[in-house]
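Notes follow the structure.
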Amino acid sequence: MPEQTTPEMEAKWRTFWEKEKVYAFNPKGKKIFSVDTPPPTVSGAMHMGHAFSYAQQDFIVRYHRMKGENVLYPFGTDDNGLPTERLVEKLKNVKSKDMSRADFITLCLATLKEITPAFVQDWKNLGISADYALTYSTIDDTTRKISQQAFLDLYTDKKVYHKAFPTLWCPECQTAIAQAELEDSEKDTFFSTLLFIAGKEKLPIATTRPELLPACVAVFVNPADTRYTHLIGKEATTPLGKKVPIKADESAQIDKGTGVLMICSYGDKYDADAIARHKLTPVIIRNKDGTLNVAPYQGMKPKEARSRILKELKEKGLVTDQKQIKHVVNVHDKCRTFVEFLPTDQWFIQIIENKKKLITQGKKVTWYPTQMFKRYENWVNGLEWDWSISRDRHFGIPLPVWFCETCKETVVATPAELPVDPLQTKKTCQTCKKPCTPETKVLDTWATSSLSPQIVSQLVKGKAVVPFSLRPQAHDIIRTWAFYTIVRALYHENTLPWNDIIISGNVSMGGEKMSKSKGNGVDPQPIMAQYGADALRYWAATSKLGEDLDYQEKDIVTAQKFITKLKNAAQFIFSNLTIPSKQPGLEETDRLFLIQLNKTIQEATDAFESYEYSRAKAVTDHFFWKVFADNYIELVKTRVYSGSPEGKTSAAWTLSTAFLTLTKLFAPFTPYITEEIYQTYFKKQEKTSSIHTSAWPIPIKLKATKNDEVTWTTLLDIITLVRTEKSKAQKSMKVPVSLILPAPEQKLLASVLDDLKAVTTTQTITTGKRTVTILA
RNA sequence: GGCCCUUUAGGCUAGUGGUUAGACCGGCUCGUUUACACCGAGCAUGCACCAGUUCGAUUCUGGUAAGGGCCACCA
């Protein structure tokens with residue numbers, strides 16, 4: 001085997017795979033195994049979590065390829081949304097809002113062109129066996145066209161609508177966001193009791209958001225709350241002196257706070273619902289950047305306004321109680337900014353009315369692990385709003401829509417125009433023949449990535465259609481990517497997007513999820529450079545689907561040792577033996593060993609069939625180390641060095657066959673070293689150019705007898721016993737011994753006795769109770 | 001507050017309704033140089049707790065505790 005560093009060796013085979021198109025999809029082939037590969041977000045480099053989950057999906061894909069299926073494993077990059085926008089702003093030191101949309105998009109596309117190849121290279125280095133010729137970007141022309149067309153289809157079907165509505169608003173990103181983009185954040189805040197006045201009575205109201213007082217439009221009490229029933233229908237004066245109605249509402253909880261609550265436009269969805277329910281007139285006191293627009297708090301950020309109002313009210317003695325509490329607030333997942341509620345014009349896809357159907361659809365998909373479906377179900381059940389798909393940002397796929405300046409009608413693009421940027425395209429109203437104003441918003445990035453199966457279908461010119469075979473993804477995006485993809489497949493194709501979904505776990509470090517924000521991240525790149533991608537992959541195969549794995553560098557070292565062991569085994573086999581081309585007559589030891597190999601093939605195959613790659617690896621590992629290396633090789637060593645020609649030939653064939661089989665069983669996990677071994681030792685006898693397109697092993701046809709199992713275990717038991725005795729006596733494994741074995745055991749082992757004597761350095765065997773006597 | 005998951009050796013993890021629960025790292029005792037010191041042999045140490053089902057439970061059921069996740073609440 002040529003001496004190379006691991007990165008050199010891996011680079012060599014990467015080039016080879018690319019040249020030989022080992023991972024190419026065959027558009028004419030049958031038995032398609034289609035994978036809806038997650039397109040990683042272009043916002044930096046591959047992190048350990050990526051490496052972990054992509055490696056796991058790759059094990060499965062490689063298994064299916066070796067089984068002879070026509071694998072469609074595309075690659076995509078998600079680069080049309082806020083994360084990319086932020087990345088470009090950072091890299092190029094610009095602010096998108098200071099540029100025209102066209103200029104900013106041009107800059108983004110140019111920047112992506114610079115950075116994407118290096119970004120994707122990490123995946124290639126990891127040995128992800130995608131067909132990189134089938135690569136899409138969620139911002140490229142084809143995708144823009146597909147996404148806009150899909151939007152138009154939903155518009156025609158009246159599944160998408162446009163509405164002015166109080167929605168979740170990120171004041172930092174200055175865009176509407178979806179429920180799925182909310183994250184929790186625990187913050188310290190003051191829970192203040194403010195004094196409202198009703199006639200001559202004091203009416204204390206507890207709140208965490210006094211800055212909303214100017215927007216207070218009503219006060220609610222529970223109709224069953226006898227403390228306040230007499231006040232219902234009267235007016236209350238807010239601490240700022242404004243008069244608001246006191247209304248009865250069942251949703252006001254008697255035991256919460258003071259039992260009285262203020263309704264402000266808008267604090268949260270509760271306020272929005274309450275205002276709609278009681279037909280109150282909202283007072284909008286917020287600008288889109290979150291600042292207030294009412295005197296004397298004009299231009300103040302909420303936090304500033306809050307302390308200012310509290311200070312003023314305290315001076316007037318209108319704050320009767322105040323305590324510091326921790327409470328959980330919603331923040332935007334992209335920027336961790338406190339999310340506000342603002343009435344704006346937005347586009348929505350109907351999902352609420354189809355919740356039931358969407359749960360049914362989700363149930364039809366086979367989830368691995370199964371309980372992940374619960375996560376999906378819970379999320380859909382808990383949905384309260386339709387999917388807000390418009391974003392007030394620059395970089396993204398534009399909504400293909402204009403509004404007539406005269407009749408205010410919505411005008412949509414024609415299919416022939418797509419992809420289109422309304423800001424760049426003039427439109428006239430069909431009815432009024434008057435000019436239209438372009439919609440300036442862009443689509444939520446999920447509105448495009450949820451079409452990934454359809455996008456991939458286009459890449460292969462419709463040769464693969466939904467449902468795809470498999471969707472691999474992480475569990476944190478069940479509520480977004482998985483859910484939205486199911487929505488789109490239902491709405492556009494009236495089917496499932498895929499048959500199976502596999503969910504990978506997280507990488508943790510000391511029990512905590514590895515993440516940049518926690519500062520406990522480890523980058524995969526230097527690990528791959530030092531130990532090799534194979535080692536990183538081998539490590540990722542130790543935990544099963546959906547399970548988290550705690551990262552420890554020493555486990556990567558273990559993986560590296562495996563690779564060395566594999567190389568050394570090859571060294572032994574091929575430097576000492578001539579391998580016969582056909583199966584010779586087999587010695588009993590060899591036949592018994594091969595029966596064990598057959599069991600392993602079966603177990604590994606069964607495991608892979610149910611996506612249990614970690615079990616496949618574990619059984620193969622066990623067989624390789626414990627059966628093949630520790631016992632079988634030792635058993636036949638003497639025969640290999642000084643046996644009869646027949647004995648040698650049998651051992652040679654057995655060793656080579658078992659080793660090729662093992663190499664193939666390991667190929668999905670460690671593609672580089674197994675390719676190296678395949679090319680070096682097996683290429684001549686095997687038909688396919690790469691191990692990764694070679695046939696997955698099937699059990700070898702062998703004669704079997706009913707005693708095979710017990711003979712094999714007895715043989716190993718005796719070897720272990722002898723080794724134990726030698727160890728206990730602190731003797732070398734080479735010291736001669738004499739054995740006493742019961743007559744039935746001797747009979748059972750008759751055909752393997754020579755090998756047994758050789759491996760245990762036994763000189764004599766006599767009959768009696770099983771005993772080992774050391775002779776030196 | 002609701003739902004879900006986890007709890008196995010010092011660390012990280014497999015696994016099982018039934019004689020000695022399996023790897024790896026670490027520890028200990030040794031050995032070995034015609035595959036492998038990135039080695040080999042051997043030893044020690046473990047099923048969170050409490051009930052129940054069962055002839056038998058680490059495994060199934062229920063509860064407790066601890067940890068994690070998702071969601072909700074944010075008067």
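Reminder, nothing fancy here: chain letters follow the sequence lines and each chain counts from 1.
Between A:F666 and A:F624, the ring-plane angle classifies as perpendicular under the 30° and 60° cut-offs. Between A:W446 and A:Y484, the two ring planes are tilted [angle within 30° to 60°]. Ring orientation note: the planes of A:F628 and A:F659 are close to parallel, at an angle under 30° on the 30°/60° scale.
Atom P of nucleotide B:G10 and atom CD of A:Q552 are separated by 15 Å, given to the nearest angstrom. What separates CD1 of A:I556 from P of B:G11 is a distance of 20 Å, to the nearest Å. For A:D255 and B:A75, the CG to C1' distance is 10 Å, given to the nearest whole Å. Put simply, CG on A:D717 is 16 Å from C1' on B:G42, counting in whole angstrom units. Atom pair A:H475:NE2 and B:U6:C1' shows a separation of 12 Å (rounding to whole Å applied). Here the C1' atom of nucleotide B:C36 and the CD atom of A:E634 are 10 Å apart, to the nearest Å. Atom C1' of nucleotide B:C39 and atom CZ of A:F572 are separated by 15 Å, given to the nearest angstrom. When rounded to the nearest whole Å, the span between CG of A:N631 and C1' of B:A41 equals 11 Å.
Counting any heavy atom pair closer than 4.0 Å across all strands shown, A:D268 reaches sugar-phosphate atoms only and no base atom. Residue contacts for A:Q253: at a heavy-atom cut-off of 4.0 Å it reaches a base atom on one of the strands shown. At a threshold of 4.0 angstrom between heavy atoms, the contacts of A:T189 with the nucleic acid are absent. Residue-level contact check: A:F220 touches neither bases nor backbone, having no heavy atom under 4.0 Å from any strand. Nucleic acid contact for A:Q179: sugar-phosphate only, since backbone atoms but no base atoms lie under 4.0 Å from a heavy atom of the residue. Nucleic acid contact class of A:K626 (heavy atoms, under 4.0 Å, all strands): sugar-phosphate only. Within the nucleic acid shown, A:A618 has no heavy atom closer than 4.0 Å to any nucleic acid atom. Within the 4.0 angstrom heavy-atom criterion, no nucleotide atom of any strand lies near A:T370.
Nucleotides B:U8 and B:G68, compared at atom P, are 15 Å apart to the nearest Å. Taking atom P on both nucleotides, B:G62 is separated from B:A9 by 24 Å, rounded to a whole Å. For the P atoms, the distance linking B:C55 with B:C28 amounts to 48 Å, nearest Å. B:G46 and B:U6 have their P atoms separated by 24 Å, given to the nearest Å. Nucleotides B:A44 and B:G10 place their P atoms 15 Å apart, quoted to the nearest Å. Comparing the C1' positions of B:G67 and B:U29 gives an interatomic distance of 38 Å, to the nearest angstrom. Rounded to the nearest Å, the gap between the P atom of B:U13 and that of B:U45 is 23 Å. Comparing the C1' positions of B:A51 and B:A41 gives a spacing of 45 Å, expressed to the nearest Å.
Remark: the A:K565 side chain and the B:C36 base include a donor-acceptor N/O pair separated by less than 3.5 Å. For B:C74, its base sits under 3.5 Å from the side chain of A:N330 at one donor and acceptor pair at least.
Ion pairing of A:K247 with A:D249 is absent here, as no side-chain N (NZ or NE/NH1/NH2) approaches a carboxylate O to less than 4.0 Å. A salt bridge between A:R639 and A:D590 is present, with a side-chain N of the basic residue lying under 4.0 Å from a carboxylate O of the acidic one. For the pair A:K617 and A:D621, the salt-bridge criterion is met [side-chain N within less than 4.0 Å of a carboxylate O]. By the 4.0 Å N-to-carboxylate-O rule, A:K544 lies too far from A:E547 to be salt-bridged with it. Checked for salt-bridge contact, A:K599 and A:E709 meet the test: a charged N lies under 4.0 Å from a carboxylate O.
In this structure, the nucleotide among B:C4, B:C36, B:C70 sitting nearest to the side chain of A:R375 is B:C70. Distance from the side chain of A:L549 is smallest to B:C12 among B:C4, B:C12, B:C73. Listed nucleotides B:A41, B:C74, B:A75 differ in distance to A:R723; the shortest reach to its side chain belongs to B:A41.
When both distances must be under 3.5 Å, the Watson-Crick or G-U wobble mate of B:U61 is B:A51. For B:G1, the paired nucleotide is B:C71, the pair qualifying as Watson-Crick or G-U wobble because both relevant distances are below 3.5 Å. In a base pair of the Watson-Crick type (N1 to N3 plus N6-O4 or O6-N4) or a G-U wobble (N1-O2 and O6-N3), with each distance short of 3.5 Å, B:U16 is matched with no nucleotide. In a base pair of the Watson-Crick type (N1 to N3 plus N6-O4 or O6-N4) or a G-U wobble (N1-O2 and O6-N3), with each distance short of 3.5 Å, B:A41 is matched with B:U29. Remark: B:U6 base-pairs with B:A66; criterion is Watson-Crick or G-U wobble with both hydrogen-bond distances under 3.5 Å.
In terms of position along RNA chain B, the nucleotide closest to A:D548 lies nearer the 5' end than the nucleotide closest to the other residue of the pair A:D548 and A:A180.
The phosphate of B:G15 (OP1 or OP2) has a side-chain N or O of A:K544 nearer than 4.0 angstrom. Between B:A75 and A:T208, a contact under 4.0 Å exists linking OP1 or OP2 to a side-chain N or O.
Applying the ring-ring contact (aromatic ring centres under 6.0 Å, His included) test to A:Y228 and every residue at least two apart in sequence or in another chain returns nothing.
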Discussion item. One character per nucleotide, please: for nucleotides 25-31 of chain B, 5' to 3', B when the base has a protein heavy atom closer than 4.0 Å, S when only the sugar-phosphate does, - otherwise.
Written reply: B---SSS

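Each of A:R306, A:R209, A:Q322 was compared with A:S192 under the side chain to side chain donor-acceptor pair (under 3.5 Å) criterion, and only A:Q322 meets it.
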